[in-house]
Amino acid sequence: GQNIDQPTEMTATEGAIVQINCTYQTSGFNGLFWYQQHAGEAPTFLSYNVLDGLEEKGRFSSFLSRSKGYSYLLLKELQMKDSASYLCAVRPSYSSASKIIFGSGTRLSIRP
Amino acid sequence: NAGVTQTPKFRILKIGQSMTLQCTQDMNHNYMYWYRQDPGMGLKLIYYSVGAGITDKGEVPNGYNVSRSTTEDFPLRLELAAPSQTSVYFCASSDDAVDGYTFGSGTRLTVV
(Lines give C-alpha, C1' and ligand atoms only; values in the text may rest on other atoms or scores of the structure.)
Protein backbone atom coordinates (compact mmCIF):
# COMPACT_ATOMS: atom_id res chain seq x y z
CA GLY A 1 0.00 0.00 0.00
CA GLN A 2 0.85 3.64 -0.21
CA ASN A 3 0.93 5.95 2.80
CA ILE A 4 2.05 9.53 3.24
CA ASP A 5 1.96 11.12 6.70
CA GLN A 6 2.31 14.75 7.65
CA PRO A 7 1.01 16.78 10.60
CA THR A 8 -2.51 18.10 10.20
CA GLU A 9 -1.90 21.59 11.53
CA MET A 10 1.00 23.81 12.60
CA THR A 11 1.26 27.36 13.88
CA ALA A 12 4.29 29.65 13.62
CA THR A 13 5.18 33.30 14.14
CA GLU A 14 5.85 35.86 11.46
CA GLY A 15 9.58 36.16 10.81
CA ALA A 16 10.39 32.78 12.34
CA ILE A 17 11.35 29.43 10.79
CA VAL A 18 9.10 26.37 10.54
CA GLN A 19 9.80 22.81 9.45
CA ILE A 20 7.01 20.63 8.08
CA ASN A 21 7.80 16.92 8.15
CA CYS A 22 6.59 14.20 5.81
CA THR A 23 7.11 10.45 6.03
CA TYR A 24 6.14 8.08 3.27
CA GLN A 25 5.77 4.36 2.68
CA THR A 26 5.30 3.50 -0.97
CA SER A 27 5.91 0.42 -3.07
CA GLY A 28 8.61 2.34 -4.93
CA PHE A 29 10.03 5.83 -5.12
CA ASN A 30 10.76 8.14 -8.02
CA GLY A 31 10.59 11.62 -6.55
CA LEU A 32 8.95 13.71 -3.82
CA PHE A 33 7.12 16.98 -4.35
CA TRP A 34 5.94 19.80 -2.11
CA TYR A 35 2.98 21.92 -3.12
CA GLN A 36 1.48 25.02 -1.52
CA GLN A 37 -2.29 25.46 -1.50
CA HIS A 38 -4.00 28.61 -0.29
CA ALA A 39 -7.59 28.21 0.90
CA GLY A 40 -9.99 27.90 -2.02
CA GLU A 41 -7.21 27.82 -4.59
CA ALA A 42 -5.34 25.23 -6.63
CA PRO A 43 -2.05 23.73 -5.44
CA THR A 44 1.11 25.33 -6.79
CA PHE A 45 4.44 23.56 -7.20
CA LEU A 46 7.15 24.40 -4.65
CA SER A 47 9.91 21.81 -4.88
CA TYR A 48 11.02 18.43 -6.18
CA ASN A 49 13.57 16.03 -4.62
CA VAL A 50 14.67 12.76 -6.15
CA LEU A 51 18.15 12.43 -4.59
CA ASP A 52 19.06 12.64 -0.91
CA GLY A 53 19.93 16.05 0.43
CA LEU A 54 18.75 19.60 0.62
CA GLU A 55 17.32 21.67 -2.21
CA GLU A 56 17.17 25.39 -1.53
CA LYS A 57 14.93 27.83 -3.35
CA GLY A 58 14.81 31.27 -1.79
CA ARG A 59 13.04 31.18 1.58
CA PHE A 60 11.97 27.58 1.00
CA SER A 61 14.15 24.48 1.29
CA SER A 62 13.24 20.82 0.97
CA PHE A 63 15.17 17.85 2.31
CA LEU A 64 14.96 14.18 1.39
CA SER A 65 16.26 10.96 2.96
CA ARG A 66 15.22 8.01 0.82
CA SER A 67 16.55 5.41 3.26
CA LYS A 68 14.35 6.82 6.01
CA GLY A 69 11.33 7.58 3.81
CA TYR A 70 11.45 11.12 5.14
CA SER A 71 11.30 14.65 3.85
CA TYR A 72 10.84 18.09 5.32
CA LEU A 73 9.96 21.51 3.99
CA LEU A 74 11.71 24.39 5.70
CA LEU A 75 10.23 27.87 5.49
CA LYS A 76 12.38 30.79 6.63
CA GLU A 77 11.52 34.41 7.41
CA LEU A 78 7.86 33.55 7.58
CA GLN A 79 5.37 36.00 6.12
CA MET A 80 1.64 36.20 6.67
CA LYS A 81 1.10 35.14 3.06
CA ASP A 82 2.74 31.79 3.89
CA SER A 83 -0.46 30.82 5.72
CA ALA A 84 -1.61 27.90 3.55
CA SER A 85 -1.74 24.15 3.35
CA TYR A 86 1.45 22.35 2.33
CA LEU A 87 1.03 19.07 0.50
CA CYS A 88 3.70 16.37 0.40
CA ALA A 89 3.41 14.11 -2.64
CA VAL A 90 5.33 11.05 -3.86
CA ARG A 91 5.72 9.44 -7.26
CA PRO A 92 6.03 5.65 -6.81
CA SER A 93 8.55 4.11 -9.15
CA TYR A 94 6.15 1.43 -10.34
CA SER A 95 4.14 4.13 -12.06
CA SER A 96 4.24 3.91 -15.82
CA ALA A 97 2.97 7.46 -16.02
CA SER A 98 3.69 10.58 -14.07
CA LYS A 99 0.95 10.11 -11.47
CA ILE A 100 1.64 11.37 -7.98
CA ILE A 101 0.16 10.34 -4.63
CA PHE A 102 -0.66 13.20 -2.25
CA GLY A 103 -0.65 13.38 1.52
CA SER A 104 -3.54 15.06 3.34
CA GLY A 105 -1.60 18.28 3.78
CA THR A 106 -0.42 20.41 6.69
CA ARG A 107 -2.38 23.57 7.40
CA LEU A 108 0.11 26.24 8.48
CA SER A 109 -1.15 29.33 10.31
CA ILE A 110 1.14 32.32 10.73
CA ARG A 111 0.49 34.64 13.66
CA PRO A 112 1.82 38.24 13.84
CA ASN B 1 -0.69 32.12 -20.85
CA ALA B 2 -3.92 30.30 -20.02
CA GLY B 3 -2.27 27.11 -18.67
CA VAL B 4 -4.97 24.68 -17.48
CA THR B 5 -8.55 25.91 -17.77
CA GLN B 6 -11.46 24.25 -15.98
CA THR B 7 -15.14 24.95 -16.42
CA PRO B 8 -17.47 25.43 -14.68
CA LYS B 9 -16.07 26.87 -11.45
CA PHE B 10 -19.15 25.99 -9.43
CA ARG B 11 -22.08 23.62 -9.99
CA ILE B 12 -24.95 22.22 -7.99
CA LEU B 13 -26.37 18.91 -9.20
CA LYS B 14 -29.36 16.92 -8.06
CA ILE B 15 -28.93 13.25 -7.21
CA GLY B 16 -29.06 11.17 -10.37
CA GLN B 17 -28.16 13.99 -12.76
CA SER B 18 -25.15 13.84 -15.04
CA MET B 19 -22.60 16.42 -16.07
CA THR B 20 -19.23 16.89 -17.74
CA LEU B 21 -16.40 18.84 -16.17
CA GLN B 22 -14.27 20.41 -18.87
CA CYS B 23 -10.47 20.68 -18.78
CA THR B 24 -8.26 22.23 -21.46
CA GLN B 25 -4.53 22.90 -21.46
CA ASP B 26 -2.58 24.95 -23.99
CA MET B 27 0.94 23.85 -23.01
CA ASN B 28 1.03 20.77 -25.28
CA HIS B 29 1.49 18.55 -22.23
CA ASN B 30 1.17 14.81 -22.76
CA TYR B 31 0.11 13.93 -19.22
CA MET B 32 -3.22 14.98 -17.78
CA TYR B 33 -4.98 14.09 -14.51
CA TRP B 34 -8.21 14.45 -12.62
CA TYR B 35 -8.12 14.69 -8.83
CA ARG B 36 -10.80 15.26 -6.25
CA GLN B 37 -10.22 16.95 -2.92
CA ASP B 38 -12.64 16.54 -0.05
CA PRO B 39 -12.63 19.14 2.76
CA GLY B 40 -9.45 18.98 4.85
CA MET B 41 -8.11 16.11 2.81
CA GLY B 42 -5.43 15.54 0.23
CA LEU B 43 -6.00 14.94 -3.46
CA LYS B 44 -7.21 11.58 -4.70
CA LEU B 45 -6.49 10.55 -8.29
CA ILE B 46 -9.62 9.70 -10.29
CA TYR B 47 -8.28 9.13 -13.83
CA TYR B 48 -5.19 10.04 -15.78
CA SER B 49 -3.98 10.07 -19.36
CA VAL B 50 -0.48 9.76 -20.82
CA GLY B 51 -1.50 10.99 -24.25
CA ALA B 52 -4.36 11.33 -26.71
CA GLY B 53 -6.40 8.14 -26.89
CA ILE B 54 -4.91 6.66 -23.70
CA THR B 55 -6.59 6.80 -20.29
CA ASP B 56 -6.32 4.77 -17.10
CA LYS B 57 -7.95 4.53 -13.69
CA GLY B 58 -6.55 6.13 -10.57
CA GLU B 59 -7.40 5.49 -6.92
CA VAL B 60 -11.11 6.46 -6.98
CA PRO B 61 -12.54 5.96 -10.51
CA ASN B 62 -16.00 4.61 -9.63
CA GLY B 63 -18.83 6.84 -10.83
CA TYR B 64 -16.65 8.70 -13.34
CA ASN B 65 -15.55 8.39 -16.95
CA VAL B 66 -13.00 10.21 -19.06
CA SER B 67 -11.92 10.54 -22.67
CA ARG B 68 -8.85 12.02 -24.34
CA SER B 69 -9.53 12.59 -28.01
CA THR B 70 -7.02 15.45 -28.30
CA THR B 71 -3.84 16.48 -26.48
CA GLU B 72 -5.57 19.63 -25.19
CA ASP B 73 -8.82 18.30 -23.75
CA PHE B 74 -9.51 15.86 -20.92
CA PRO B 75 -13.19 16.01 -19.86
CA LEU B 76 -14.49 14.18 -16.79
CA ARG B 77 -18.00 12.74 -16.96
CA LEU B 78 -20.16 12.11 -13.91
CA GLU B 79 -23.05 9.74 -14.48
CA LEU B 80 -25.86 9.44 -11.92
CA ALA B 81 -24.45 11.96 -9.45
CA ALA B 82 -24.42 10.95 -5.77
CA PRO B 83 -23.88 13.06 -2.60
CA SER B 84 -20.54 11.26 -2.11
CA GLN B 85 -19.30 13.04 -5.24
CA THR B 86 -19.60 16.43 -3.56
CA SER B 87 -16.03 17.67 -3.72
CA VAL B 88 -13.60 20.05 -5.40
CA TYR B 89 -12.28 18.65 -8.66
CA PHE B 90 -8.87 19.63 -9.99
CA CYS B 91 -7.51 18.94 -13.43
CA ALA B 92 -3.73 18.99 -13.87
CA SER B 93 -1.18 18.49 -16.59
CA SER B 94 2.57 17.88 -16.84
CA ASP B 95 5.14 17.76 -19.59
CA ASP B 96 6.85 14.48 -18.75
CA ALA B 97 7.41 12.03 -15.94
CA VAL B 98 9.75 14.27 -13.94
CA ASP B 99 7.79 17.50 -13.98
CA GLY B 100 5.54 18.85 -11.30
CA TYR B 101 1.93 19.45 -12.19
CA THR B 102 0.20 22.58 -13.37
CA PHE B 103 -3.26 22.66 -11.84
CA GLY B 104 -6.45 24.25 -13.04
CA SER B 105 -8.39 26.50 -10.67
CA GLY B 106 -10.84 23.75 -9.74
CA THR B 107 -14.55 22.99 -9.98
CA ARG B 108 -16.55 23.05 -6.76
CA LEU B 109 -19.37 20.49 -7.14
CA THR B 110 -22.25 19.97 -4.74
CA VAL B 111 -24.69 17.09 -5.17
CA VAL B 112 -27.99 17.51 -3.30
Side-chain angles (χ1 to χ4, degrees), chain A residues 1-9 20 22-24 26-51 55 57 60 62 73 84-109, chain B residues 2-7 9-10 21 23 25 27 29-61 66 68 74 87-108:
Chain A
Q2 322 284 2
N3 195 46
I4 300 174
D5 287 317
Q6 49 183 131
T8 303
E9 293 188 36
I20 302 174
C22 171
T23 58
Y24 62 90
T26 56
S27 54
F29 179 83
N30 192 22
L32 185 141
F33 299 80
W34 283 97
Y35 284 82
Q36 181 189 59
Q37 187 178 26
H38 286 100
E41 298 183 9
T44 56
F45 171 76
L46 286 179
S47 68
Y48 172 66
N49 295 69
V50 66
L51 299 176
E55 296 278 344
K57 196 182 290 186
F60 292 6
S62 57
L73 180 69
S85 288
Y86 292 86
L87 308 177
C88 176
V90 173
R91 178 185 292 124
S93 64
Y94 71 82
S95 172
S96 61
S98 176
K99 57 186 178 181
I100 295 171
I101 298 169
F102 285 81
S104 297
T106 298
R107 186 178 305 148
L108 176 64
S109 299
Chain B
V4 179
T5 302
Q6 288 184 239
T7 56
K9 293 192 182 302
F10 303 93
L21 282 66
C23 176
Q25 53 95 5
M27 298 171 285
H29 285 172
N30 286 321
Y31 298 85
M32 295 189 75
Y33 315 84
W34 275 105
Y35 283 87
R36 60 176 286 174
Q37 186 176 35
D38 297 331
M41 304 294 288
L43 292 93
K44 298 293 185 185
L45 182 65
I46 305 171
Y47 271 95
Y48 68 99
S49 169
V50 301
I54 306 170
T55 63
D56 206 349
K57 296 177 180 178
E59 303 169 80
V60 290
V66 294
R68 185 97 183 270
F74 190 41
S87 190
V88 180
Y89 291 83
F90 287 104
C91 178
S93 72
S94 67
D95 195 18
D96 61 31
V98 297
D99 273 358
Y101 293 173
T102 299
F103 282 89
S105 58
T107 295
R108 190 173 297 273

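These figures come from a predicted structure and were not determined experimentally. The chains referred to below are lettered A, B, ... by the order of the sequence lines, with proteins before strands, and numbering in each begins at 1.
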Results of ring pair (Phe, Tyr, Trp, His ring centres under 6.0 Å) for Phe103(B) - residues two or more places apart only: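 Phe103(B) satisfies ring pair (Phe, Tyr, Trp, His ring centres under 6.0 Å) with Tyr35(A), Tyr101(B) once adjacent residues are dropped.
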I'd like to verify something: which residue of Gly31(A), Cys88(A), Pro43(A) has the highest number of heavy-atom pairs under 4.5 Å with chain B?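 Top option by heavy-atom pairs under 4.5 Å: Pro43(A).
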Out of Ala42(A), Gly103(A), Ser85(A), which one racks up the most heavy-atom pairs below 4.5 Å with chain B?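 The candidate making the most pairs under 4.5 Å is Ala42(A).
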Pick one of side chain, backbone, both or neither for Gln37(A), based on which atoms fall under 4.5 Å of a heavy atom in chain B.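 Just its side chain gets close to chain B.
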Taking only residues two or more places apart in sequence or in another chain, which ones pass side-chain hydrogen bond (donor to acceptor under 3.5 Å, both in side chains) with Lys57(A)?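 Lys57(A) satisfies side-chain hydrogen bond (donor to acceptor under 3.5 Å, both in side chains) with no other residue.
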Within a 6.0 Å radius of atom CE on Met41(B), are there more than 12 heavy atoms belonging to other residues, nucleotides or ligands?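 For Met41(B), atom CE is not crowded (no more than 12 foreign heavy atoms under 6.0 Å).
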Using 30° and 60° as the class boundaries, would you call the ring planes of Tyr33(B) and Tyr35(B) parallel, tilted or perpendicular?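 It falls in the tilted class, 30° to 60°.
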Residue Leu43(B) versus chain A: region with a heavy atom under 4.5 Å: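 Both parts, backbone and side chain.
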